[in-house]
Asks: 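Before we start, here is the structure in question, set down as structure tokens.
Quick note: residue numbers are just sequence positions, from 1.
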Amino acid sequence: MNQQRPLTAAELDQKSYLEARDSSDKELLIFAARKSGRSPLKIQREFRQLARSESRLNLVEYVRNGLYHIDRFNDEERAAFISNDLHWPITHKCNDRRWAGAAEDKIVAETMLSAGDVPVPQTLAVLDTSSRLFPGKQKIQTPSELRSFLQKHSGKTIFGKILNGMVSFGAFRIEQADDTHVHCAGHDPLTYQEFMQNYIGSNAYLLQKALDNHSEFSSYCSALATVRMVNMVTPERVITPLAIIKLPQGDNIADAFWRPGNLACEVDIETGCIRTIAQRGVETEFLRDHPSKGGLMGLQLPHWNELKEINDRAARIFAPIRYQSTDIAITEDGPVLVEMNYGGGFDLPQYASGRGMLTPEVRAFFKSCGVELTPPRRKGLFSRRRK
């Protein structure tokens with residue numbers, strides 16, 4: 001009998017992601033009925049009417065956004081929500097697809113941003129067993145080379161992320177390394193051979209010196225937080241309709257909202273003040289403050305004007321990607337652009353803000369890119385209005 005190989009770090013995360021995401025329609029309808037005191041059949045009928053509109057929402061999104069509550073949203077507000085299933089078709093319509101690799105290959109993006117005077121994390125090495133060269137970067141291909149690298153950087157916390165990865169799949173944090181084992185946060189020690197062969201697998205990784213959050217909000221996070229800036233590039237300017245800060249919690253080493261317990265907060269674009277505190281569940285829960293420490297709601301993030309300037313500069317460097325997003329850390333020394341994204345999911349901004357993304361401004365931008373989004377003709381989908 002063939003022994004099944006261990007799952008890589010990326011595969012383990014993907015498995016956890018699917019477990020956190022998926023619920024059956026029956027489970028979702030029962031949940032919504034119990035929360036609202038309404039008939040599951042009526043909720044299902046109302047969902048199907050909305051799902052046939054331009055929003056194309058699936059039932060997970062419908063329940064997670066709380067749209068089955070008839071007293072929370074009016075028809076116009078419901079119509080502003082859009083399914084994340086439409087993200088890639090809309091993104092490709094807006095963007096020059098030839099630029100996708102420039103944004104998603106983190107070495108290429110880092111090189112372009114650095115040349116454009118945008119601060120980025122310090123990449124110490126690339127862990128990759130392929131034949132690719134990385135000019136100006138140390139390349140690690142073997143367990144012994146990894147051991148030598150970690151011994152050279154003894155005392156530093158090393159953060160690893162997949163070269164072309166998304167939603168933090170496979171990310172790790174090396175907190176210690178000795179002569180025989182690598183010690184990653186949240187995992188048993190692995191020999192260098194096990195780490196390279198099983199944990200990394202065929203994936204290529206950037207190895208970076210871990211960044212620290214600014215002291216003004218570091219106590220609200222278990223690891224590095226980043227601000228997601230949703231960008232829409234026009235010939236005249238960069239429009240940023242939404243900003244969300246993602247706060248890792250508990251044992252999580254990455255800030256992706258799908259990781260259990262993590263928080264996502266809408267940030268006021270003008271002031272940098274936190275407006276909401278959302279925690280993911282079957283239905284997104286909006287908290288009055290941080291679960292264990294007060295003072296997060298209304299907190300003004302440091303270096304906010306500088307962060308907006310860096311975001312605007314990065315967006316213009318990647319201007320052919322008209323619909324894009326950036327993830328920016330705020331350190332003691334200022335903002336650092338951690339990732340440039342070709343596109344950006346519609347789910348996170350909606351979950352974190354409690355509002356649909358399709359404002360008139362966003363609709364107009366998508367229309368200028370050739371995206372046809374026609375408001376649903378059906379009126380009075382829900383009989384009651386939010387007071």
Asks: State, yes or no, whether a side-chain contact exists between Leu190 and Cys184 at a heavy-atom distance under 4.5 Å.
Replies: no
Asks: Would you call Arg237-Glu361 a salt bridge at under 4.0 Å N-O?
Replies: yes
Asks: Does a side chain donor of either Glu104 or Asn164 reach within less than 3.5 Å of an acceptor in the other side chain?
Replies: no
Asks: Consider only side-chain N and O atoms of Gln300 and Thr271, and report whether a donor and an acceptor are under 3.5 Å apart.
Replies: no
Asks: To the nearest 0.5 Å, what is the distance between CD on Gln193 and CG on Asn198?
Replies: 8.0 Å
Asks: So, Thr129 and Gln141: side-chain donor and acceptor under 3.5 Å apart, yes or no?
Replies: no
Asks: Examine distances only and state if a side-chain atom of Arg259 and a backbone atom of Ser168 form a donor-acceptor pair shorter than 3.5 Å.
Replies: yes
Asks: Please give me the minimum heavy-atom distance between Gly334 and Thr331, naming the atom from each residue.
Replies: O-OG1, 2.7 Å
Asks: Between the main-chain N or O of Pro248 and the side-chain N or O of Ser222, is there a donor-acceptor pair closer than 3.5 Å?
Replies: yes
Asks: Closest heavy-atom contact between Thr284 and Ala278?
Replies: CG2-CB, 3.7 Å
Asks: Using every non-hydrogen atom in the two residues, find where Gly345 and Arg228 come nearest and quote the distance to one decimal.
Replies: N-NH1, 4.3 Å
Asks: What's the separation between atom CZ in Arg48 and atom CG in Leu59, rounded to the nearest 0.5 Å?
Replies: 9.5 Å
Asks: Are Leu296 and Phe286 connected in a single hydrophobic cluster, I mean Ile/Leu/Val/Met/Phe/Trp/Tyr linked by side-chain heavy atoms less than 4.5 Å apart?
Replies: no
Asks: Is the backbone N or O of Glu76 less than 3.5 Å from a side-chain atom of Asn74, with the two atoms forming a donor-acceptor pair by type?
Replies: yes
Asks: With distance as the sole criterion, is a donor-acceptor pair present between the side chains of His303 and Asp333 under 3.5 Å?
Replies: no
Asks: Starting at CD1 of Ile90, measure out to CD1 of Ile82 and round the result to the nearest 0.5 Å.
Replies: 3.5 Å
Asks: Mark yes or no for whether Lys139, through its side chain, and Arg132, through its backbone, hold a donor-acceptor pair below 3.5 Å.
Replies: yes
Asks: Is the backbone N or O of His183 less than 3.5 Å from a side-chain atom of Glu175, with the two atoms forming a donor-acceptor pair by type?
Replies: no
Asks: Is Leu150 linked to Leu207 within one hydrophobic cluster, defined over Ile, Leu, Val, Met, Phe, Trp and Tyr using a side-chain heavy-atom separation of less than 4.5 Å?
Replies: yes
Asks: Tell me if the aromatic rings of Tyr199 and His187 count as close, with their centers under 6.0 Å from one another.
Replies: yes
Asks: Compare every heavy atom of Gln350 with every heavy atom of Phe81, then report the nearest pair and how far apart it is.
Replies: CA-OE1, 3.4 Å
Asks: Can you spot which of Val118, Ile317, Thr326 makes a side chain to side chain contact (heavy atoms under 4.5 Å, CB included) with Met340?
Replies: Thr326
Asks: Give, for atom CG of Leu224 and atom CG of Asp255, the distance between the pair rounded to the nearest 0.5 Å.
Replies: 7.0 Å
Asks: If we only count heavy atoms from C-beta on, is the Val338 to Lys161 side-chain gap below 4.5 Å?
Replies: yes
Asks: Measure up the Tyr62 and Tyr68 rings against each other and bin them: parallel (under 30°), tilted (30 to 60°), perpendicular (over 60°).
Replies: tilted
Asks: Should Ile245 and Tyr220 be marked as a side chain to side chain contact (heavy atoms under 4.5 Å, CB included) after you check the CA-CA gap, both sets of side-chain angles, and the distance that decides it?
Replies: CA-CA 12 Å; Ile245 187 167; Tyr220 298 108; over 6 Å; no
Asks: Please walk me through it: do Phe47 and Val63 pass side chain to side chain contact (heavy atoms under 4.5 Å, CB included)?
Replies: CA-CA 9 Å; Phe47 157 69; Val63 173; over 6 Å; no
Asks: Assess whether a salt bridge exists between Glu339 and Lys246, defined as any Lys/Arg side-chain N lying under 4.0 Å from an Asp/Glu carboxylate O.
Replies: no
Asks: Looking only at atom types and distance, does a side-chain atom of Tyr323 sit under 3.5 Å from a main-chain N or O of Lys93, one as donor and one as acceptor?
Replies: no
Asks: Show the nearest heavy-atom pair for residues Phe73 and Gly354, with the distance to one decimal.
Replies: CE2-O, 3.7 Å
Asks: Using side-chain hydrogen bond (donor to acceptor under 3.5 Å, both in side chains), reason through Asn58 and Glu61 one step at a time and then give a plain yes or no.
Replies: CA-CA 5 Å; Asn58 58 53; Glu61 295 166 330; 3.2 Å; yes
Asks: Taking the six-membered ring for Trp, is the centroid-to-centroid distance between Trp258 and Tyr351 below 6.0 Å?
Replies: no
Asks: For the pair Val362 and Val230, evaluate side chain to side chain contact (heavy atoms under 4.5 Å, CB included) and give the outcome as yes or no after the intermediate values.
Replies: CA-CA 11 Å; Val362 172; Val230 178; over 6 Å; no
Asks: At what distance, to the nearest 0.5 angstrom, does CD1 of Ile328 lie from CD of Glu306?
Replies: 10.0 Å
Asks: Mark yes when over 12 heavy atoms from residues, nucleotides or ligands other than Asp268 sit less than 6.0 Å from its CG; otherwise mark no.
Replies: yes
Asks: With a 3.5 Å distance limit and no angle check, can you tell me whether Asp13 reaches the backbone of Ala10 through a side-chain donor-acceptor pair?
Replies: no
Asks: Please say yes or no: joined through hydrophobic side-chain contacts below 4.5 Å, possibly via intermediate residues, are Leu163 and Leu127 part of one cluster?
Replies: no
Asks: Rounded to the nearest 0.5 Å, how far does CD of Glu266 lie from CG of Leu242?
Replies: 5.5 Å
Asks: Going only through I, L, V, M, F, W and Y residues with side-chain contacts under 4.5 Å, is there a path from Phe169 to Ile107?
Replies: no
Asks: Testing the basics here: between Ile253 and Ala223, what is the closest heavy-atom pair and its distance to 0.1 Å?
Replies: O-CB, 3.5 Å
Asks: When you compare the side chains of Ser325 and Asn231, does any donor N or O come within less than 3.5 Å of an acceptor on the partner?
Replies: no
Asks: I'd like to know whether the aromatic ring centres of Tyr342 and His92 sit less than 6.0 Å apart in this structure.
Replies: yes
Asks: In this structure, which one of Ile70, Leu28, Leu29 forms a side chain to side chain contact (heavy atoms under 4.5 Å, CB included) with Ile43?
Replies: Leu29
Asks: Can you confirm whether Lys152 is buried at NZ, in the sense that more than 12 heavy atoms of other residues, nucleotides or ligands lie under 6.0 Å from that atom?
Replies: no
Asks: Taking Arg147 for its side chain and Asp179 for its backbone only, find out whether a donor-acceptor pair lies under 3.5 Å.
Replies: yes
Asks: Do side-chain atoms of Lys106 reach the backbone of Gly165 as a donor and acceptor pair under 3.5 angstrom?
Replies: yes
Asks: Indicate yes or no for a side-chain donor-acceptor contact from Arg322 to the backbone of Val233 under 3.5 Å, with no hydrogens or angles considered.
Replies: yes
Asks: Here's a test for you: under side chain to side chain contact (heavy atoms under 4.5 Å, CB included), which of Thr91, Asn341, Asn95 qualifies with Ile321?
Replies: Asn95
Asks: Using a strict cut-off of less than 4.0 Å between a Lys/Arg side-chain nitrogen and an Asp/Glu carboxylate oxygen, indicate whether Asp312 and Lys308 qualify as a salt bridge.
Replies: no
Asks: Report yes or no: do Leu301 and Met229 belong to one cluster of Ile/Leu/Val/Met/Phe/Trp/Tyr joined by side chain heavy-atom distances under 4.5 Å?
Replies: yes
Asks: Decide side chain to side chain contact (heavy atoms under 4.5 Å, CB included) for Arg313 and Arg316; before the verdict, give the C-alpha distance in whole Å, the side-chain angles of both, and the deciding distance to 0.1 Å.
Replies: CA-CA 5 Å; Arg313 186 170 184 81; Arg316 291 174 184 273; 6.0 Å; no
Asks: Before accepting this row, confirm whether a basic side-chain N of the pair Glu46/Arg38 lies closer than 4.0 Å to the acidic partner's carboxylate O.
Replies: yes
